[in-house]
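Reviewing the structure listed below.
First the proteins, then the strands, lettered A, B, ... as listed; each starts at 1. FYI, side chains are in, hydrogens and waters are out, and symmetry mates aren't considered; it's all heavy atoms of this structure.
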Protein chains: 2
Amino acid sequence: MSEPDRISSKNLTMQDIAKAAGVSPMTVSNCFRYPDRVRPKTRETVMNVAAQLGYVPNMSAGLLAAGSSQVIGAVLPSIRNSAFYRYVAGLRQAATERGHELITMIAETPEEELSAVQTLLGLRVAGIALVAGPHVADLRQLLALSGTPVVESWGGEDAIGCGVAYDVGAASRELTQHLIKQGRRRIGFVQVLGGGEQRYTMRFPGFQKVMFDAGLADNLVLTVRAADGFGSGARILNEFLSLEPRLDAILCPTDVVAAGALFECQRRGLDIPGDIAIAGWGDYDIGRQLSPTLTTITPFSFDIGAGAVKMLLEGGAERPNSLLTPYALEVREST
Amino acid sequence: MSEPDRISSKNLTMQDIAKAAGVSPMTVSNCFRYPDRVRPKTRETVMNVAAQLGYVPNMSAGLLAAGSSQVIGAVLPSIRNSAFYRYVAGLRQAATERGHELITMIAETPEEELSAVQTLLGLRVAGIALVAGPHVADLRQLLALSGTPVVESWGGEDAIGCGVAYDVGAASRELTQHLIKQGRRRIGFVQVLGGGEQRYTMRFPGFQKVMFDAGLADNLVLTVRAADGFGSGARILNEFLSLEPRLDAILCPTDVVAAGALFECQRRGLDIPGDIAIAGWGDYDIGRQLSPTLTTITPFSFDIGAGAVKMLLEGGAERPNSLLTPYALEVREST
DNA sequence: GACTAGAATTGTAGCGCTACAATTATTTGT
DNA sequence: ACAAATAATTGTAGCGCTACAATTCTAGTC
């Protein structure tokens with residue numbers, strides 16, 4: 001108790017548990033790490049003593065000695081809206097199934113992402129799950145040099161380490177084609193800035209291609225920041241209408257932005273989809289509750305998360321280093 | 001490379017950096033840990049070599065040797081809705097200001113929470129931030145025995161370790177009084193089950209007291225699960241109306257549930273607040289975008305997070321072990 | 001009881017870093 | 001030039017656990 005800075009005021013080690021249980025420290029270690037190597041009676045004695053004294057093995061020491069970790073680290077750009085909860089649920093389940101724990105860190109800027117990755121590398125996690133960029137210039141090299149398995153999801157073909165993604169381009173094209181098939185001709189496209197915007201900007205080329213092929217203009221483009229919520233939907237609706245009063249559709253980056261635009265239409269007395277069709281992306285919960293219900297793109301987020309962990313922990317030279325997950329176009333009342 | 005299970009395929013240590021930079025391993029260590037002890041020229045040489053080789057110090061070894069950690073662990077019940085993003089932002093900022101990193105783990109059940117806490121104890125984090133219970137029976141004792149600083153936020157007077165919270169009872173009473181002052185007499189109260197429901201159930205006594213004092217019935221109570229989203233708001237609205245067709249207000253546990261109830265009112269052609277007043281809780285983004293805008297209770301979530309880290313890292317016998325943060329009643333159009 | 005094989009337990013050295021102390025190098029003042 | 005003080009660098013032992021090997025214990029057979 002003379003060292004208040006120590007990790008645990010009790011500073012229990014396996015030595016202490018061993019003494020109290022009448023066995024060697026190695027037996028204590030084997031009880032925790034290789035329980036099958038220990039006679040049930042002995043193991044029960046040891047574990048009871050440990051529980052009684054509140055002993056939890058020091059993972060750092062174990063990691064250092066064993067040279068391997070059972071912890072997966074994930075970096076997320078935001079938990080503000082519900083974009084990643086299914087992805088994280090997939091990460092968690094896949095990690096748990098494989099005897100690993102998932103820790104997450106929030107990183108809203110590329111610089112914060114680098115810092116988070118450095119922490120995870122320092123912790124010598126078993127693998128790192130990233131979300132699409134942009135990343136700071138040094139990140140790719142740092143991770144390559146580290147040798148830690150890395151998977152980048154939600155991005156495109158230049159993933160750091162392995163890649164897990166759905167075909168964003170196909171989804172974008174399909175959604176745009178849907179709007180055109182509904183008779184929409186003046187379609188606004190909402191871009192995103194900040195907060196790992198790569199996963200959004202990848203959608204624009206698909207929009208452009210379909211608009212070009214249909215002989216329609218693709219220059220009705222406005223930008224919201226990734227960190228913005230519902231209010232940005234209202235704002236861009238108003239801006240689109242001042243740019244093009246006959247606007248007849250908006251393709252939004254998330255269901256949150258779409259909901260905000262939808263609310264603003266209602267405030268302005270515009271009929272959806274009679275006057276303006278609104279499409280979202282991401283199949284957030286709110287989309288199903290709006291009136292009219294929101295058309296959206298559904299990435300299989302849980303599968304992305306589960307696939308990412310699978311690639312981290314089961315990767316090898318003979319395994320593919322990218323995984324394509326499905327998506328679905330959910331056509332509802334708003335288009 | 002004969003050991004693919006090693007943490008890093010490169011297995012760089014300070015010894016390697018020292019050789020390449022022409023200094024001792026201790027100097028490399030001092031460059032990272034006590035940069036002021038090293039001559040700038042030497043430090044520059046060492047850090048350049050380290051960056052070039054992609055060396056990140058092994059935090060486990062450092063933690064073991066130093067006996068202290070710069071990592072704070074937080075356990076969250078959910079990231080599904082945006083309940084905790086400001087809280088986490090507060091945690092992050094306060095940790096960063098104090099030279100610490102924040103890692104988070106998701107734990108949806110008390111058993112998962114225990115597992116998460118064990119991981120964090122194994123990592124010998126500098127402190128653990130919990131969210132209100134219910135907790136498994138052994139958690140309190142485990143944490144007390146561990147000696148790791150703990151703070152529990154969003155709960156009440158029986159916090160594990162230190163406590164950070166706002167006066168939930170006062171908020172509940174004030175919101176109920178507001179509804180009564182608006183002429184509401186048949187008020188439905190929505191309870192929550194699962195997902196750390198303690199922070200919700202704490203609100204009911206305040207509701208009961210104010211209703212009792214006003215001579216009104218407090219038995220219009222329905223329950224949603226914490227994991228439910230907007231749809232549960234629609235469901236409980238319908239159930240309340242079948243219980244009490246003259247229902248004139250609902251007090252919801254979150255703005256998400258309230259938004260769901262609001263959407264259902266609109267679908268049923270009920271006027272808000274003319275026919276039914278709807279109050280939420282939590283000041284989620286969506287509340288401000290609805291028409292009508294949603295009355296809600298605003299906890300100062302960021303302050304709770306920041307205060308929690310402050311108590312973890314700056315606690316001591318002479319410091320208080322609980323912190324009360326403010327809240328605000330945001331009266332908007334829905335009541 | 002003696003022997004053998006397998007199960008269970010224990011011993012050893014080292015994982016990568018660092019607190020603290022010791023040594024060396026540099027700077028300052030006379 | 002020399003001495004003293006300060007700055008910078010380096011050495012040592014150990015943090016708590018474990019891979020691998022060695023030793024001890026137990027059960028079965030003759």
Side-chain angles (χ1 to χ4, degrees), chain A residues 2-19 21-47 50 53 55-71 121-124 146-147, chain B residues 2-19 21-47 50 53 55-71 121-124 146-147:
Chain A
S2 57
E3 298 182 303
D5 293 334
R6 300 296 291 184
I7 292 288
S8 162
S9 61
K10 282 288 182 80
N11 286 318
L12 288 176
T13 70
M14 284 179 182
Q15 194 97 352
D16 304 310
I17 307 302
K19 280 203 185 94
V23 297
S24 79
M26 266 319 303
T27 299
V28 175
S29 179
N30 280 323
C31 286
F32 279 97
R33 203 153 177 97
Y34 302 105
D36 289 348
R37 294 184 187 173
V38 182
R39 191 193 302 246
K41 188 164 191 274
T42 309
R43 187 167 69 234
E44 185 183 339
T45 302
V46 169
M47 301 310 273
L53 297 179
Y55 172 72
V56 175
N58 185 328
M59 201 182 291
S60 297
L63 190 162
L64 189 57
S68 64
S69 166
Q70 309 295 133
V71 175
L121 289 178
L123 285 170
R124 300 295 197 264
S146 78
Chain B
S2 57
E3 298 179 308
D5 292 336
R6 300 295 290 183
I7 291 289
S8 162
S9 62
K10 282 286 182 78
N11 287 317
L12 288 176
T13 69
M14 283 180 183
Q15 193 98 352
D16 305 310
I17 306 303
K19 279 201 187 98
V23 297
S24 79
M26 266 318 305
T27 299
V28 175
S29 179
N30 280 323
C31 286
F32 279 97
R33 202 153 179 98
Y34 303 105
D36 289 347
R37 294 185 189 174
V38 182
R39 189 192 302 247
K41 189 165 190 274
T42 309
R43 189 166 67 233
E44 187 182 339
T45 300
V46 170
M47 300 311 273
L53 298 180
Y55 173 73
V56 176
N58 185 329
M59 201 182 288
S60 297
L63 189 163
L64 189 58
S68 65
S69 167
Q70 310 295 132
V71 176
L121 290 178
L123 286 169
R124 300 299 197 260
S146 77

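For the pair Ile17(A) CD1 and dT10(C) P, the interatomic distance rounds to 15 Å; values are reported in whole Å. To the nearest angstrom, P of dA19(D) lies 12 Å from CG of Leu64(A). Here the P atom of nucleotide dT18(C) and the CD atom of Gln15(B) are 14 Å apart, to the nearest Å. Atom CG in Asp16(B) sits about 13 Å away from atom C1' in dC15(C), given to the nearest Å. Gln70(B) has its CD atom 11 Å from the P atom of dT18(C), to the nearest Å. In this structure, Met14(A) atom CE and dT10(C) atom P are separated by 14 Å, rounded to whole Å. Taking atom CZ of residue Arg33(A) and atom P of nucleotide dT18(D), one finds them 5 Å apart after rounding to whole Å. Met59(B) has its CE atom 17 Å from the C1' atom of dC15(D), to the nearest Å.
Pairing each heavy atom of Ser69(A) with each of Arg124(A), the nearest pair is CB-O, 3.1 Å. The minimum heavy-atom distance linking Val46(A) with Ala21(A) is given by the pair CG2-CB, 4.0 Å.
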Please tabulate the protein-to-nucleotide N/O contacts below 3.5 Å involving nucleotides 5-9 of chain D, giving atom names and distances.
from: dT9(D); atom 1: OP1; to: Thr42(B); atom 2: OG1; distance (Å): 2.4
from: dT9(D); atom 1: OP2; to: Arg39(B); atom 2: N; distance (Å): 3.0

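In this structure, Tyr34(A) does not reach the dT18(D) phosphate: none of its side-chain N or O atoms is under 4.0 Å from OP1 or OP2.
Of the possible polar contacts, none joining the Arg33(B) side chain to the Asn30(B) backbone as a donor-acceptor pair under 3.5 Å is found.
Remark: Leu64(A) CG to Asn58(B) CG distance equals 6.0 Å, nearest 0.5 Å.
Within 4.0 Å (heavy atoms only), Phe32(A) reaches no atom of the nucleic acid at all. Among the heavy atoms of the strands lying under 4.0 Å from Met26(B) is at least one base atom, whether or not backbone atoms are also near. When heavy atoms are screened at a 4.0 angstrom cut-off, Pro25(B) is found touching no nucleic acid atom at all.
Within the structure, no pair that satisfies the side chain to side chain donor-acceptor pair (under 3.5 Å) test touches residues 36-46 of chain A, not counting sequence neighbours.
Among the nucleotides dA19(C), dG16(D), dG14(D), the one closest to any side-chain atom of Asn58(A) is dG16(D). The side chain of Ala66(A) sits closest to dA19(D) out of dA19(D), dG16(D), dT12(D).
Residues passing the side chain to side chain contact (heavy atoms under 4.5 Å, CB included) test with Ser29(A), sequence neighbours excluded: Met14(A), Met26(A). For Ser60(A), the side-chain hydrogen bond (donor to acceptor under 3.5 Å, both in side chains) test picks out no residue, with sequence neighbours left out.
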